[in-house]
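Bear in mind the structure is a predicted one, so any value in this text is a computation, not a measurement. Each chain gets a letter, A, B and so on, in the order its sequence line appears, and its residues count up from 1. Both backbone and side-chain heavy atoms feed into the values below; hydrogens, waters and symmetry mates do not.
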2 protein chains.
Amino acid sequence: MNIDIRSAHLFSSLNDHQVEQVLESSHISTLKDGEALFETGDDANRFFLVIGGQIKLFRVSSNGDQKIIDIIQPGNTFAEALMFMEHPIYPVSAEALGPARIISFDSKRFLHILSGSIEVCFRIMGTMSQRLRGLIKEIDDLTLQSATTRMCAMLLRRMDEVGMSRFALPAAKGVLAARLSMKPETFSRILQNLSSKNILRLKGSEIEIIDESLLRSLAHVESIYGLEPEMPCRVRSSL
Amino acid sequence: MNIDIRSAHLFSSLNDHQVEQVLESSHISTLKDGEALFETGDDANRFFLVIGGQIKLFRVSSNGDQKIIDIIQPGNTFAEALMFMEHPIYPVSAEALGPARIISFDSKRFLHILSGSIEVCFRIMGTMSQRLRGLIKEIDDLTLQSATTRMCAMLLRRMDEVGMSRFALPAAKGVLAARLSMKPETFSRILQNLSSKNILRLKGSEIEIIDESLLRSLAHVESIYGLEPEMPCRVRSSL
DNA sequence: GAAGTCGTTTGACTTTAGTCAAGGAGGGCT
DNA sequence: AGCCCTCCTTGACTAAAGTCAAACGACTTC
């Protein structure tokens, strides 16, 4: 078990002694597919680092629908922003998307350890700012943009990430649909539609972008305010 | 001109000397109705305190539609969360909603002044956490809830704020519509509909809630995760 | 290899909110 | 008062996404 938590942005400026202290209150666990980590409304006295698999953060509506707020990738922390609240409560539910491994940390303890270090504070605030940005961006996606636009933006983002015009979808279609705030049926139809217009070719969960410029114009991606990828920070954090 | 900026949460733990320093880099300005303060994408080297009137934070879609992200009330700061980013850029536009007075502060300078004070850092992080919560809440309103639900929730919130079942809408209907992510027509129709069902009586911008329990059930307000009003913090901050 | 399961697709239909265009209603001004 | 202007309302229509139900396909499991 040799994980250097310092590879996570949040911990990157801790010294050896601090790392040791932090690890004392930490706890590694393995989650089965679909296993819940916490639910909306639970007391939030721990935060987490994903070391394997994916964790899905979501909210549930009264009729059981899920809206996926984010999918956390290995190397990223989440729920750490809550440690500054008086009575922290998880604003989302979290569960494993496929089998996953995580380390959890005691928020209070962590706060105490870094209480001297303004640097770590600044770091956290940086990630929080980004997160705020992301959420604001998401809100206007939801209100100002159509489902097709969101789909195109997602595909382009994925393409940029992978660096190739041919790639596999990062998760099951149903999951992506919930992430993009639409029903699986709508997701499917939009893909079908893009495919019929020869903008992309799709085979199962493999996608090949054919007409990138057209896709880009359909997404008319935030020409106004700089793209997400420009962000200086490598490891994204969440919540 | 005798304003104690310490009444704003962000500044509340500064000592006299610090207040003095902060004020040195500050600048008071008066805005006319509709006057722009900054736009989405501008370099964000200042943050603001509203001392009179209201400031509207919004985003504009490619076809000119506005989505109001928040309306900042006197006594509250906004855009202060950006000061921790390397290349801060306003993620929203801001303009006065009616005539307004604001004080602007140099972010860098402020950061420098408080660099010793971890307490202020914590304070800022607290407001940021709340802001994150609010945005997440808003996202699920948008995806999981209908326009009617959002309307009802807004009315109830307003009613709780005022403490009476009879009150005036906090802003022009068109503005509220944009805040709730719907068109003025839809806003009007929903109010009409609630009125025809004898849930409320409306006369101009005066509203009287008649059937609170029914309204509450229509809004089925976040029974799961504690209401906004429970938040410990009096003065809300933004961005 | 048959049966079952889960995720995806497809089609027909409904619901919700947006669009467009026309009609009020109120407030300020001359 | 009369006019203008802005904001709000109303009605008829459209578009977008959700719903329901059935079929499909790939992959296990027996």
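- If you measure from atom CG of A:Leu142 to atom P of C:dA17, you get 15 Å, rounded to the nearest angstrom.
- Residue B:Glu185 contributes atom CD, which lies 15 Å from atom C1' of D:dA15 at whole-angstrom precision.
- Inspection of the B:Asn193 and B:Ser195 side chains reveals no N or O donor paired with an N or O acceptor under 3.5 Å.
- In this structure, the ring of A:Phe38 has its center less than 6.0 angstrom from the ring center of A:Phe48.
- Residue A:Gln192 is in sugar-phosphate contact alone, with no base atom involved, counting any heavy-atom pair closer than 4.0 Å across all strands shown.
- Atom CD of A:Gln145 is separated from atom C1' of D:dA17 by 16 Å (rounded to the nearest Å).
- The separation between A:Lys203 atom NZ and D:dA26 atom C1' is 13 Å, rounded to whole Å.
- Looking at which nucleotide of DNA chain D each of A:Thr186 and B:Gly174 is closest to, the 5′-most match is held by B:Gly174.
- Comparing C:dT19, C:dA17, D:dC8 by their nearest atom to the side chain of B:Lys183 picks out C:dT19.
- Tested against B:Ile71, the residues B:Leu97, B:Asn76, B:Leu57 include a single side-chain contact (heavy atoms from CB on, under 4.5 Å) partner, B:Leu97.
- Regarding B:Phe187, its CZ atom lies at a distance of 18 Å from the C1' atom of C:dT16, rounded to whole Å.
- Counting heavy-atom neighbours within 6.0 Å of A:Glu206 CD, excluding the residue itself, gives a total above 12.
- Of all heavy-atom pairs spanning A:Val50 and A:Ile102, the tightest one is CA-CG2, 4.1 Å.
- Between A:Ile190 atom CD1 and D:dA15 atom P the separation is 17 Å, expressed in whole Å.
- Taking all atoms of both residues into account, the shortest heavy-atom contact from B:Leu135 to A:Ile139 is CD2-CD1, 3.5 Å.
- For B:Leu144 and C:dT16, the CG to P distance is 15 Å, given to the nearest whole Å.
- We find the CG-CD1 distance between A:Leu215 and A:Ile210 to be 11.0 Å, quoted to the nearest 0.5 Å.
- Look at CG on B:Asn193: it is 15 Å from P on C:dT15, rounded to the nearest Å.
- Comparing D:dT9, C:dA17, D:dA12 against the side chain of B:Arg189 picks out D:dA12 as the nearest.
- Distances were taken from every side-chain heavy atom of B:Met182 (C-beta onward) to each of D:dT10, D:dC20, C:dG18; the shortest belongs to C:dG18.
- Rounded to 10°, the helix from C:dG1-D:dC30 to C:dA22-D:dT9 has 30° between the axis fitted to its first five pairs and the one fitted to its last five.
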